[in-house]
2 protein chains.
Amino acid sequence: MFILRKGLMMSYVLLDDGSRQILRFLFPGDMLGISSAIYHEAPETLCALSDTVVCPFDRATLSAIMQEHPRLSAMILVYSQIERVALTDRLAALGRTSAKARVAALLLDLRNRLRATDKSIDRAFPLGLTQEEIGDATGLTAVHVNRMLRQLEEEGMIAREGGRVTLLDRGALAGAANYVNRYEGLDLRWLPPAR
Amino acid sequence: MFILRKGLMMSYVLLDDGSRQILRFLFPGDMLGISSAIYHEAPETLCALSDTVVCPFDRATLSAIMQEHPRLSAMILVYSQIERVALTDRLAALGRTSAKARVAALLLDLRNRLRATDKSIDRAFPLGLTQEEIGDATGLTAVHVNRMLRQLEEEGMIAREGGRVTLLDRGALAGAANYVNRYEGLDLRWLPPAR
DNA sequence: CGTTGTATTGACACTGGTCAAGCATGGTGG
DNA sequence: CCACCATGCTTGACCAGTGTCAATACAACG
């Protein structure tokens, strides 16, 4: 298990037919590989998308935390629930929304996650992903991702130039995407006190 | 928050356009509503599919468990990770597999989950879902679910009569579905001891 | 018996996939 | 410095899988 300190990573699974589903992009502060710790065989693959710095810890450490730091334990549980809710949002997007909505949601999420650690990011950010990666995250082909990006651009919702994306109309994007920022609206007053 | 003691439930979200994505079916022993506890507004809706019995507990109880029962706390974390992995499997299914594979995976999962609390279930079980519910869980329409069930039947992989389904060839189904039983293969030796 | 919800089936439409080609970019080795 | 190559982006033509709409059948239930 690791905490990501710097850089961008992703986790994905490969299916029998060779296709890939990207489960999650990982940003600084995220915990990685907890699920690998509870199974004999890791259920997902981790991969760095840029130069990264991680901070490793092992099962014994997690076990010690659970015994000695109840508040931290509770926060780990909360964190895993936030991640779970983000996954259910993506599940609903894959099951019930159009290709354009899924791409829009991905762009909005990338922007919000990047902004969490870099407040200078507002409308524009570097899109550190290939269109194939966007496709594997949204359940589309790279070709169709390209078409959707062009449409969003033609409709004036985004602008692109040289790997950078600018969200020109976040409201319209969020409307098209059914997007909810799951890192807001938390209620954590019930957490146990620090020991 | 609740523990489901008896019956079948589901959790789902409704999107703006009125479509529904079923996130999860809930079986006896499952914990429900943890994610609702950490947000101000519940991110998902819970709904009973049959007569059910639940055992409620509140945030203060969870907080007390985190403080006084490290082993139980760790098991709750493990449980939420199992659920997370099951969600990622479904995410990969929605993003990257065919309609037939998704329906097959749902049938296999239902059988395994039912069997967990009723060992008398082997090949046949009562399908307590409408085809519309199967569709909302797999990201398909009820009409297409019907077509897929018929195909699976014609290919001799399942049989149906009066709300009961029989899995005639679980191996072939699992192959068609890319299915992994996530309640097996756990490694829990690192858990803290009971206090 | 009507009524309501569910299952079934067919005809047709459309979203998104597939295949193929061309183009831009940047890195590499001669 | 330049030819070469790999990778990723863009676009068009065509096709397949899935959705939509509509009609019918069936069962449960008041």
Side-chain angles (χ1 to χ4, degrees), chain A residues 8 10 15 17-22 47 49-51 92-107 126-155 158-165 176-178, chain B residues 8 10 15 17-22 47 49-51 92-107 126-155 158-165 176-178:
Chain A
L8 179 61
M10 63 177 174
L15 304 191
D17 65 356
S19 62
R20 174 177 70 172
Q21 175 66 49
I22 295 179
C47 175
L49 289 165
S50 70
D51 287 351
L94 290 202
R96 288 295 184 221
T97 74
S98 69
K100 200 197 291 185
R102 290 182 234 169
V103 173
L106 180 81
L107 293 177
L127 180 64
L129 305 173
T130 66
Q131 293 181 357
E132 177 148 20
E133 283 156 356
I134 297 175
D136 284 345
T138 53
L140 302 169
T141 57
V143 173
H144 206 61
V145 168
N146 185 291
R147 293 195 273 243
M148 293 303 103
L149 287 172
R150 183 161 45 80
Q151 272 197 33
L152 290 173
E153 196 169 23
E154 281 167 5
E155 292 166 12
I158 67 171
R160 294 182 294 157
E161 34 83 40
R164 282 185 72 79
V165 178
N178 228 268
Chain B
L8 179 61
M10 64 176 174
L15 304 191
D17 66 355
S19 62
R20 175 178 70 171
Q21 176 66 48
I22 294 179
C47 175
L49 289 164
S50 69
D51 286 350
L94 290 202
R96 288 295 184 221
T97 73
S98 69
K100 200 197 293 186
R102 290 182 234 167
V103 173
L106 179 81
L107 293 177
L127 179 63
L129 306 172
T130 66
Q131 293 180 359
E132 178 148 19
E133 283 156 356
I134 297 175
D136 285 345
T138 53
L140 302 169
T141 57
V143 173
H144 207 60
V145 167
N146 185 291
R147 293 195 274 244
M148 293 303 104
L149 287 172
R150 184 161 44 81
Q151 273 197 32
L152 289 172
E153 195 169 24
E154 281 167 5
E155 292 166 13
I158 67 171
R160 293 182 295 158
E161 33 83 40
R164 283 184 71 81
V165 178
N178 227 270

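Protein chains get the first letters and strands the later ones, always in sequence-line order, with residue 1 at the start of each.
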Subject >> Side chain to side chain, B/Arg102 and B/Val145, heavy atoms closer than 4.5 Å >> reply: no
Original post:
Can you name the side-chain hydrogen bond (donor to acceptor under 3.5 Å, both in side chains) partners of B/Asp17, sequence neighbours left out?
Top reply: B/Ser19
**OP:** Mind calculating the distance between CE (B/Met148) and P (D/dT18) to the nearest angstrom?
**Re:** 6 Å
Original post:
Under a 4.5 Å cut-off applied to non-hydrogen side-chain atoms, are B/Ile22 and B/Ile134 in contact?
Top reply: no
Original post:
Where does the chain A footprint on DNA chain C start and end, counting 5' to 3' with a 4.0 Å heavy-atom cut-off?
Top reply: C/dG16 to C/dC19
Original post:
Taking the nucleotide of DNA chain C with the closest heavy atom to each, which residue, B/Thr130 or A/Gly139, is nearer the 5' end?
Top reply: B/Thr130
Original post:
With sequence neighbours left out, what residues match B/Glu153 under side-chain hydrogen bond (donor to acceptor under 3.5 Å, both in side chains)?
Top reply: B/Arg160
**OP:** Grab the CG-P distance between A/Leu152 and D/dT10 for me, whole Å please.
**Re:** 13 Å
**OP:** Would you indicate what A/Gly163 reaches in the nucleic acid, counting non-hydrogen atoms under 4.0 angstrom: base, sugar-phosphate, or nothing?
**Re:** nothing
Subject >> B/Leu140 CG to D/dT18 P, straight-line distance once rounded to whole Å >> reply: 7 Å
Check: protein-nucleotides 11-16 of chain D nitrogen or oxygen pairs below 3.5 Å:
from	atom 1	to	atom 2	distance (Å)
D/dT11	OP2	A/Arg150	NE	2.8
D/dA13	N6	A/Arg147	NH1	3.4

Original post:
Is A/Gly162 touching bases, backbone alone, or none of the nucleic acid, heavy atoms closer than 4.0 Å?
Top reply: nothing
**OP:** Using side-chain hydrogen bond (donor to acceptor under 3.5 Å, both in side chains) as the criterion, list what pairs up with A/Glu132, not counting sequence neighbours.
**Re:** none
**OP:** Check salt bridge (charged side-chain N to carboxylate O under 4.0 Å, His left out) between B/Arg164 and all other residues, then give those that pass, not counting sequence neighbours.
**Re:** none
Original post:
D/dT7 phosphate, OP1 or OP2: any side-chain N/O from A/Gln131 under 4.0 angstrom?
Top reply: no
Original post:
Taking CG from B/Leu94 and C1' from D/dT18, how many angstroms apart are they, rounded to a whole number?
Top reply: 14 Å
Original post:
Under a 4.0 Å N-O cut-off, is there an ion pair linking B/Lys100 with B/Glu155?
Top reply: yes
Original post:
Got a donor-acceptor contact below 3.5 angstrom from the B/Glu133 side chain to the B/Thr130 backbone?
Top reply: yes
**OP:** Taking the side chain as every heavy atom from C-beta outward, state whether B/Leu15 and B/Gln21 have any pair of such atoms under 4.5 Å apart.
**Re:** no
